[in-house]
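A short worksheet on the structure shown next.
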Amino acid sequence: ASIASTANVLLVNSASPYRSVKELLDGVRQQPGKVSYGSSGVGSVLHLCGVLFSQRTGADWVHVPYKGTGPSLTDLLGGQIDSVFANLPSVVPQIQSGKLRALAVTSAERDASVPNVPTMAESGIADYNLSSWFGIFAPAATPREVVSRINAQIARQLQAADLRQRLLGLGAVPVVKNADEANQFF
């Protein structure tokens, strides 16, 4: 029942001419149907980040679905696509090393792991908030007392300062919920 929420991020290759969301959007508007964004697959939250971007801006850009974030990042780094939406924890090292340029996070607030990266709202895209979350589940028939015991163990681990700091440094915010709170959230 424990959850980690993460921001998603809009990325370009460090060699890209796009240095901001505004510049990318200008490029999309100058070349409708030509500028591309990759995602981890059709229907994924990362695909939906691009759909929401299109709805909020009228952007006519090309979705390129991949079988996971890894292949989309490979093509972004290789210049085969123009941009990618990715979960922040999977790309913080590439952003920090300068291999990838983060244009904006998709959360309502900036993320502590990349504090200089603006939100979509700060970048001029109103009403844009689309974060990801990860949870731990058990089979439906698992006895409640077993779920509670496992959740208590996970909660203890997530309260450990070193693990908490490591998760926060990667852009993941650990949140502990009991089974009822988690079910309400889901």
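Worth knowing before you read on, the calculation uses all heavy atoms, side chains too, and leaves out hydrogens, waters and symmetry mates.
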In the single-linkage hydrophobic clustering (I, L, V, M, F, W, Y; side-chain heavy atoms under 4.5 Å), do [X] and [Y] co-cluster?
X: Ile81; Y: Val51; answer: no
X: Leu24; Y: Met120; answer: yes
X: Leu11; Y: Tyr66; answer: yes
X: Val146; Y: Val176; answer: yes
X: Leu46; Y: Leu52; answer: yes

For [Y], is there any backbone N or O sitting under 3.5 Å from a side-chain donor or acceptor partner on [X]?
X: Arg110; Y: Pro115; result: yes
X: Asn13; Y: Leu77; result: yes
X: Arg19; Y: Arg101; result: no
X: Tyr128; Y: Cys49; result: yes
X: Ser39; Y: Phe85; result: no
X: Ser16; Y: Val12; result: no
X: Gln165; Y: Ala161; result: no
X: Glu181; Y: Asn178; result: yes
X: Glu122; Y: Thr119; result: yes
X: Thr74; Y: Gly70; result: yes

Subject >> Asp162/Arg166 salt bridge by N-O under 4.0 Å criterion >> reply: no
Original post:
Is there a donor in the side chain of Trp61 and an acceptor in the side chain of Ser54, or the other way round, less than 3.5 Å apart?
Top reply: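 Yes, side-chain donor-acceptor contact under 3.5 Å.
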Subject >> Pair Ser40-His47, side-chain donor/acceptor within less than 3.5 Å >> reply: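 No.
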Subject >> Inter-residue atom distance Leu130.CG - Arg56.CZ, 0.5 Å rounding >> reply: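 CZ of Arg56 is found 10.0 Å from CG of Leu130.
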**OP:** Taking all heavy atoms of Asn87 and all of Asn8, pick out the closest pair and write down the distance.
**Re:** ND2-OD1, 2.7 Å
**OP:** Check the pair Arg29 / Thr57 against side-chain contact (heavy atoms from CB on, under 4.5 Å), numbers first and verdict last.
**Re:** CA-CA 10 Å; Arg29 288 181 174 146; Thr57 64; 4.1 Å; yes
**OP:** Check the pair Glu109, Asn129 against side-chain contact (heavy atoms from CB on, under 4.5 Å), reporting the backbone distance first and the verdict last.
**Re:** CA-CA 9 Å; Glu109 297 176 2; Asn129 180 10; over 6 Å; no
Is [Y] close to [X] at the side-chain level, that is, under 4.5 Å between some pair of heavy atoms?
X: Val92; Y: Asp111; value: no
X: Val35; Y: Tyr18; value: yes
X: Ile154; Y: Ile136; value: yes

**OP:** Could you give me the CA-CA distance, side-chain angles and deciding distance for Asp82 and Tyr37, then say whether side chain to side chain donor-acceptor pair (under 3.5 Å) is met?
**Re:** CA-CA 6 Å; Asp82 299 298; Tyr37 76 94; over 6 Å; no
**OP:** Give a yes or no on whether Gln96 atom CD has more than 12 heavy-atom contacts from other residues, nucleotides or ligands under 6.0 Å away.
**Re:**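 Correct, the count exceeds 12.
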**OP:** Start with the C-alpha gap between Leu88 and Val114, add the side-chain angles, then the distance that decides, and say whether side-chain contact (heavy atoms from CB on, under 4.5 Å) holds.
**Re:** CA-CA 9 Å; Leu88 190 54; Val114 288; 3.9 Å; yes
**OP:** Under the side-chain contact (heavy atoms from CB on, under 4.5 Å) rule, what do Ser83 and Leu10 come out as? Steps first, then yes or no, please.
**Re:** CA-CA 7 Å; Ser83 61; Leu10 175 58; 4.0 Å; yes
